[in-house]
Amino acid sequence: MTTAIVPVVLVLVLGAVLRRWAVTDPGFWRGLEWMSYWVFTPALFVGSIARTDLTSVSLGLLALGLAVPILGTGLLVIALRRVLRADGPQLTSLVQGSIRINTYIGLVFASALHGADGVATFAIAAAVVVPLVNVISVTTLSIYGNEESPAHRGGPWRELAANPLILGCVGGLALNLLGIGLPVVAAAPVDMLASPALLSGTLAAGAAITLQFRLRDALDIGMASMLKLVALPLAAGAIAHTVGVTGAALASVVIICALPTAPSAYILATRMGGDSRLMASITGVQTILATATLPAVLTVVGVL
């Protein structure tokens with residue numbers, strides 16, 4: 001696990017240092033995040049899923065082990081709104097902070113633990129989780145977000161249809177299930193585009209870390225972090241293990257549920273009327289905490 005977590009921590013720190021003291025132009029980091037989100041990571045998903053042996057993974061059981069705890073966590077946060085005394089925008093950030101994932105960090109862990117098989121099974125898990133958490137997040141923002149936000153009135157389907165990570169998963173699954181695989185003429189370009197995904201995404205995640213929050217935020221951040229980094233992955237791992245998911249697939253279930261919230265949650269909160277300041281704080285704290293909680297959870301579940 002040391003070989004997996006140390007590079008992640010070092011690159012995250014490098015991203016934060018570069019953003020604050022070397023490459024301070026926000027435009028550079030927006031461009032890097034855009035390329036990671038729209039080009040590099042979708043290419044990695046297409047190539048990984050198109051080549052993997054889907055018969056080695058029970059998609060139904062994998063989906064069950066992921067969907068049930070994620071849906072339950074989202075509903076639990078909404079049910080606790082009055083207890084937490086959260087207004088609408090705050091609630092949306094708590095929901096996002098309890099279920100969304102930083103795909104880039106997960107890919108690094110999956111690759112370090114299980115190599116190509118780990119990346120492939122993680123990509124398949126992402127094909128379930130990415131659409132699901134986006135549906136929950138966008139729907140929650142549509143209902144509880146600030147109504148003055150320009151994107152607030154746009155339904156979830158436009159966001160989902162244009163999500164490049166979902167499109168990458170769908171494209172890879174289509175090539176695989178149709179028996180086409182990754183055409184020879186496309187393999188080299190796809191691999192070239194996929195190769196920067198892990199590094200660029202992790203650098204961008206480090207650059208986006210912020211730790212500016214108010215005392216009142218401590219409760220919100222603590223609850224969201226406990227649910228996201230501990231309760232959700234343990235529940236997902238228990239359910240997946242019970243229904244027979246093992247090996248790299250079980251590791252991918254636990255990893256993807258134990259990941260910190262992605263910086264893209266901040267972008268969505270800004271666009272759709274969420275509490276973007278709270279969202280940025282949750283993302284920063286979780287990214288740091290996850291360097292300790294993720295290996296601990298994997299050890300508890302027994303996939304190391």
Side-chain angles (χ1 to χ4, degrees), residues 66-102 129-130 132-149 151-156 159 205 208-239 254 256-294 296-297 300:
L66 291 166
V68 171
I70 289 173
L71 283 168
T73 300
L75 291 173
L76 175 63
V77 175
I78 294 173
L80 291 174
R81 179 185 181 183
R82 289 188 177 181
V83 176
L84 297 171
R85 298 180 180 178
D87 60 24
Q90 282 178 304
L91 179 66
T92 66
S93 292
L94 289 174
V95 170
Q96 286 206 88
S98 299
I99 62 172
R100 287 182 72 95
I101 62 170
N102 190 320
V129 173
V130 171
L132 178 60
V133 299
N134 274 282
V135 168
I136 296 172
S137 298
V138 173
T139 301
T140 303
L141 280 157
S142 298
I143 297 172
Y144 296 105
N146 186 347
E147 295 182 0
E148 296 178 0
S149 172
H152 177 74
R153 291 181 294 275
E159 294 285 337
I209 291 176
T210 177
L211 298 176
Q212 298 177 356
F213 54 90
R214 302 174 306 197
L215 183 61
R216 167 64 178 86
D217 296 337
L219 173 63
D220 295 336
I221 295 171
M223 189 203 73
S225 298
M226 181 61 68
L227 287 173
K228 182 68 194 69
L229 303 179
V230 180
L232 177 57
L234 289 178
I239 294 172
V254 178
I256 204 167
C257 288
L259 294 172
T261 303
S264 57
Y266 168 82
I267 298 172
L268 188 61
T270 302
R271 290 182 58 190
M272 298 194 66
D275 188 333
S276 57
R277 182 196 54 77
L278 175 60
M279 191 73 261
S281 298
I282 290 174
T283 302
V285 172
Q286 286 190 3
T287 301
I288 294 173
L289 291 177
T291 60
T293 59
L294 206 160
V297 167
V300 170

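Given the structure is predicted, the values throughout are model-derived calculations rather than measurements.
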Would you find a donor on one side and an acceptor on the other, under 3.5 Å apart, between the side chain of T291 and the backbone of T287?
->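 Looks like no, no N/O pair under 3.5 Å.
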Does the K228 side chain pair with the main chain of P233, one donor and one acceptor, at a distance under 3.5 Å?
->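 Such a contact is absent between K228 side chain and P233 backbone.
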Search all heavy atoms of A290 against all heavy atoms of T293 and return the closest pair with its distance.
->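 Heavy atoms of A290 and T293 come nearest at CA-OG1, 3.2 Å.
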From the options L278, D275, L91, select the one residue that forms a side-chain contact (heavy atoms from CB on, under 4.5 Å) with D220.
->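 So the option named by the test is L278.
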Just list the side-chain donor-acceptor pairs under 3.5 Å for residues 67-83, sequence neighbours left out, or say none.
residue: T73; atom: OG1; partner: P69; partner atom: O; Å: 2.8
residue: R81; atom: NE; partner: A86; partner atom: O; Å: 3.1

Under a 4.5 Å cut-off applied to non-hydrogen side-chain atoms, are L227 and M223 in contact?
-> yes
Can you tell me which residue pairs pass the side-chain hydrogen bond (donor to acceptor under 3.5 Å, both in side chains) test with a partner in residues 83-98, sequence neighbours excluded?
->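 Sorted pair list: Q96-R100.
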Could you give the distance from CG (L94) to CD1 (I99), rounded to the nearest 0.5 Å?
->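 One gets 11.5 Å once the value is rounded to the nearest 0.5 Å.
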Test side chain to side chain contact (heavy atoms under 4.5 Å, CB included) applied to S225 - qualifying residues, sequence neighbours left out = I221, L229, V285, Q286, L289
